[in-house]
Amino acid sequence: MTALDLSALSSQLDNCLTRDSHALRTRLHGLKRRASKGLPIDKGLLEVAAQIEASQQAVEARRALLPTIRYADDLPVVLRREEVLAALTKNQVLILCGETGSGKTTQLPKIALEAGRGVRGLIGHTQPRRIAARSVAARIAEELDTPLGEKVGYQVRFTGQVSDSTLIKVMTDGILLAEIHSDPLLSKYDTLIIDEAHERSLNIDFLLGYLKRLLPKRPELKLIVTSATLDVERFSAHFDGADIMSVEGRTYPVEMRYRPVQGDDDDRDRDLPRALLDAVDELAAEGAGDILVFFDGERGIREAEEALRKHPVPRHLGATEILPLYARLSAADQARVFQKHGGRRIILATNVAETSLTVPGIRYVIDTGLARVSRFSAHAGIQRLQVEPISQAAARQRAGRCGRLGPGICIRLYAEDDFAKRPAHTDPEILRTNLAAVILRMESWQLGHVDDFPFLDKPDGRQIKAAYDLLFELQAVDETRRLSALGAQLSRLPVDPRLGRMVLAGERDGCLAEMLVIVSGLTVQDPRDRPPERQQAADQAHAAWKNTTSDFLSLLALWRWYEEQARHLSQAKLRGLCEKNFLSYVRMREWRSLHQELRGLFHEEGVHENEAPVSEDVVHRALMTGLLGHLALRDEEKRKTNPAKDKREMVSYQGVKGRKLAIHPGSALVKTPPKWLMSAQWLETTRVWGAMNAAINPRWIEPLAKHLLSREVSEPHYQLDSGRVAAFETLSLYGLPVVLRRAVNYAAIDPLDARRIFILEGVLGALEGWEVVADQAWSTPSPQPSPARG
DNA sequence: CTCTCCCT
């Protein structure tokens, strides 16, 4: 009878909320074990039965919420709906390859709903970007004719609208990843859609690795991975040969034209701006339509803008408007791209326009074929940002930006065989980035060693070592790479590990208030706007908070000023004040949100900020706990050999690990370079730049860097006046001497050698001296020298 | 005298 009840109950688990079924199954296993030992289980069975009942009622309540599903008729994914439905029933994993316009992003969640998903648990749908997550959710809600935040919700950092009745939840992949911390089984989802997997961000790769391990533990969970590029076999292989479905896109053909900057002998003197002007002329002759040009950075954009403004506008171009577009641009200037306009537009853009922003109404694309790519060099231990030729996939993505409206034309300012020689795909982020944050998470979630984790692309051993080295520097792991208590705390802070370390130091040293402000400020994009044509005015406005010994204190001053204003100003007035002071209101708000979030984490633990402000030194020492790898000493040699007549000569620094660097011109310290420098970031572009800097006192280093210092002891010698054996020690941090020739008691370092020297130089020396004395006063010997203590 | 882009 009991055995029957047990199996009857477990057969009902498949009708429970996914959130409950795992816990209930565990409970039933426990009862089964008790029963086999002959122990009574009736009470337990009753409880489980009640919980199953409640859970099933919850499922039925969710089922009642199901909206009538309508599809946008002719989208390619919708036309093959039956196949998707069949695949979802048959398989646990489906790889869906669908290019732009296939409808995969908006229609797939609805198809999943039609397949009966979303009832026992949520349909989770991830997007790489916050704006996309929100707008995708809004779009699906609209198509299902339900208000956003109810049956269809979204969640991104700082904001979201989700309720108990939510069936489809759209979120950033970062949110889903973070949820693993509190719910390792991701048990509230019955379906997951990882969209835009081809982008291969760190979050996506981590998720795909994690999900591979999770799927066997969650047999009722369905996973759909979508990619806009054709390399879906990798994803399929990763999930043990999962089925692939390919759905065509809805784009117009794009004609490719190759116009290399130096194509033939006539072009020998042609530079990039000239090649661009020629391309613009060529496209202008084709007819009306806006042109989108891709550059590697702001500098190229500015050069091109200048050249275009001087360029005699061909008549058929009509009124031409030139608009730069890059992420750092103020919100108002970015918004201009979306405003209606007459005439022709030429938009000069960085990679933002490749994936993040879709510029409307583009007929033509001009592609320089270049991009700045961030790569962490494990060998040098430094982040690089170099201009590189983009991959074929990225070039196709750029070209595709003119095929949404009608047939387009893309001019590539490089040769066709150059394109053919390029790598097919951009290296996934996991191969290009510092892995400290990933490894910290893996350690804290006890996911085992990185080498054994099923990443699509395994990170290089040197990258892994560099990450552990950094974690050791931050004291997050010990010499044996075991997570420390501090490391466990660090892993819970949703910021870069270096910055998280500073906050923890702030907690310990009574400057949490200051650290929360500075760290959240360093994490968000710099709220200080500096429009190219009004740089001086912007600098003047920002000078109010400028501190020439510390960019960190500038941030703090800006924050304090802003908080004071925010206390008595309306939101509208605050917004106006930001504009007047060349501050981005949106980024100031993000800064405050992040500050709020971090602060909340400490308040939950009952830790509160210091109320009295602390000294600047205390602030900088806390900062230094995270920046021991970014310390540098001014290069005095260079200063002397380059006399002051050339004022432009950049002051050079000798950093740890033998790095040479200079202060970034954006730093307030560039005109008053201190002897000792601490930088929040080192970035190699044209040279290594230290960004966000402060002058420091080298005496702070030793107590904070004890675990990293190497000691060199030299010139042990007997000291006649103290009677001791002394020596000099030089302490180095990653090869940079930070304590020079300090006198030390040699006996504490090498007692044996000290004793040898004591006998050799002290006793025998004294005896020699004694002999002399004895010789001189043979008849009246002096008192014997008393031996010095070793 | 200057630095692509995202995310918890």
Side-chain angles (χ1 to χ4, degrees), chain A residues 126-133 155-160 171-182 196 199-207 294-302 325-329 349-357 368 370-375 383-388 390 394 397 426 428-429 432-433 437-438 440-441 444-445 490-497 499-500 520 523-526 530 532 535 539 590 593-594 597-598 601 646-651 662-671 673 681-692:
Chain A
T126 71
Q127 287 293 313
R129 281 163 290 279
R130 286 190 274 167
I131 292 179
Q155 198 192 332
V156 298
R157 189 174 206 170
F158 306 136
T159 181
M171 67 201 125
T172 48
D173 34 40
I175 291 277
L176 182 63
L177 196 51
E179 283 182 0
I180 292 172
H181 179 75
S182 56
E196 317 282 2
E199 287 195 18
R200 300 294 308 278
S201 67
L202 203 53
N203 284 346
I204 285 171
D205 275 20
F206 200 161
L207 273 173
F294 284 101
F295 290 91
D296 56 35
E298 272 178 57
R299 177 188 285 198
I301 289 175
R302 224 166 304 137
L325 180 65
Y326 44 88
R328 241 169 44 101
L329 204 63
T350 59
N351 255 351
V352 266
E354 193 179 297
T355 46
S356 306
L357 284 174
T368 60
L370 301 170
R372 277 194 188 271
V373 179
S374 167
R375 287 181 192 276
Q383 190 194 344
R384 294 197 166 125
L385 194 54
Q386 308 289 7
V387 177
E388 293 181 12
I390 60 170
Q397 171 78 10
T426 311
E429 195 182 359
R432 294 188 283 112
T433 197
V438 172
L440 186 61
R441 258 195 175 151
S444 127
W445 291 349
L490 194 59
S491 73
R492 285 196 289 272
L493 294 177
V495 288
D496 176 86
L499 302 184
S520 49
T523 301
V524 299
Q525 286 176 297
D526 194 333
R530 204 163 175 265
Q535 286 182 358
D539 290 348
E590 292 251 302
S593 302
L594 180 59
E597 184 185 340
L598 292 176
L601 288 172
D646 186 8
K647 282 184 190 160
R648 288 272 164 112
E649 183 64 38
M650 183 109 16
V651 175
I663 297 179
H664 190 271
S667 167
L669 278 73
V670 74
K671 286 193 184 119
Q681 194 197 22
W682 281 1
L683 187 66
E684 184 173 343
T685 54
T686 47
R687 60 188 295 176
V688 182
W689 297 108
M692 293 302 295

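What you see is a predicted model; the values in this text were computed from it and never measured. Convention: sequence-line order gives letters A, B, ...; per-chain numbering from 1.
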If only side-chain N and O atoms of [X] are considered, is one of them under 4.0 Å from the OP1 or OP2 phosphate oxygen of [N]?
{"X": "A/Thr686", "N": "B/dT2", "value": "no"}
{"X": "A/Thr350", "N": "B/dC5", "value": "yes"}
{"X": "A/Ser356", "N": "B/dC5", "value": "no"}

Could you check whether [X] gets within reach of a base, just the sugar-phosphate, or nothing at all, counting any heavy atom under 4.0 Å?
{"X": "A/Thr355", "value": "nothing"}
{"X": "A/Ser201", "value": "nothing"}
{"X": "A/Asp296", "value": "sugar-phosphate"}
{"X": "A/Val373", "value": "nothing"}

Which nucleotide in the list [options] gets nearest to the side chain of [X]?
{"X": "A/Pro665", "options": "B/dC6, B/dT2, B/dC3", "value": "B/dT2"}
{"X": "A/His664", "options": "B/dC3, B/dC5, B/dC7", "value": "B/dC3"}
{"X": "A/Asn203", "options": "B/dC7, B/dT4, B/dT2", "value": "B/dC7"}
{"X": "A/Arg157", "options": "B/dC5, B/dC3, B/dT8", "value": "B/dT8"}
{"X": "A/Gln681", "options": "B/dT8, B/dC3, B/dT4", "value": "B/dC3"}
{"X": "A/Thr172", "options": "B/dT2, B/dT8, B/dT4", "value": "B/dT8"}
{"X": "A/Ala327", "options": "B/dT8, B/dC6, B/dC3", "value": "B/dC6"}

Would you check if [X] and [Y] make a side-chain contact, meaning some heavy-atom pair closer than 4.5 Å?
{"X": "A/Pro428", "Y": "A/Leu202", "result": "no"}
{"X": "A/Phe158", "Y": "A/Leu594", "result": "yes"}
{"X": "A/Gln383", "Y": "A/Arg432", "result": "no"}
{"X": "A/Thr172", "Y": "A/Pro128", "result": "no"}

B/dT8 base / A/Arg441 side chain donor-acceptor hit below 3.5 Å: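 Such a pair is found, so the answer is yes.
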Measure from [atom1] on [X] to [atom2] on [N] and round the result to the nearest Å.
{"X": "A/Arg200", "N": "B/dC6", "atom1": "CZ", "atom2": "P", "result": "20 Å"}
{"X": "A/Ile390", "N": "B/dC5", "atom1": "CD1", "atom2": "P", "result": "15 Å"}
{"X": "A/Asp205", "N": "B/dC6", "atom1": "CG", "atom2": "C1'", "result": "14 Å"}
{"X": "A/Asp496", "N": "B/dC5", "atom1": "CG", "atom2": "P", "result": "19 Å"}
{"X": "A/Gln525", "N": "B/dC3", "atom1": "CD", "atom2": "C1'", "result": "12 Å"}
{"X": "A/Gln386", "N": "B/dC5", "atom1": "CD", "atom2": "P", "result": "16 Å"}
{"X": "A/Gln535", "N": "B/dC1", "atom1": "CD", "atom2": "C1'", "result": "11 Å"}

Intra- and inter-strand pairs of DNA chain B in dot-bracket (Watson-Crick or G-U wobble, both distances under 3.5 Å; | for another strand): ........
How far does CG of A/Leu683 sit from CZ of A/Arg384, to the nearest 0.5 angstrom? 10.5 Å
Rounded to the nearest 0.5 Å, what separation is found between the CG atom of A/Leu176 and the CD atom of A/Gln155? 10.0 Å
Which residues pass the salt bridge (Lys or Arg N to Asp or Glu O under 4.0 Å) test with A/Arg130, not counting sequence neighbours?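 A/Glu590.
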Take a 6.0 Å sphere around CZ of A/Arg375 and say whether it holds more than 12 heavy atoms from other residues, nucleotides or ligands.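 Correct, the count exceeds 12.
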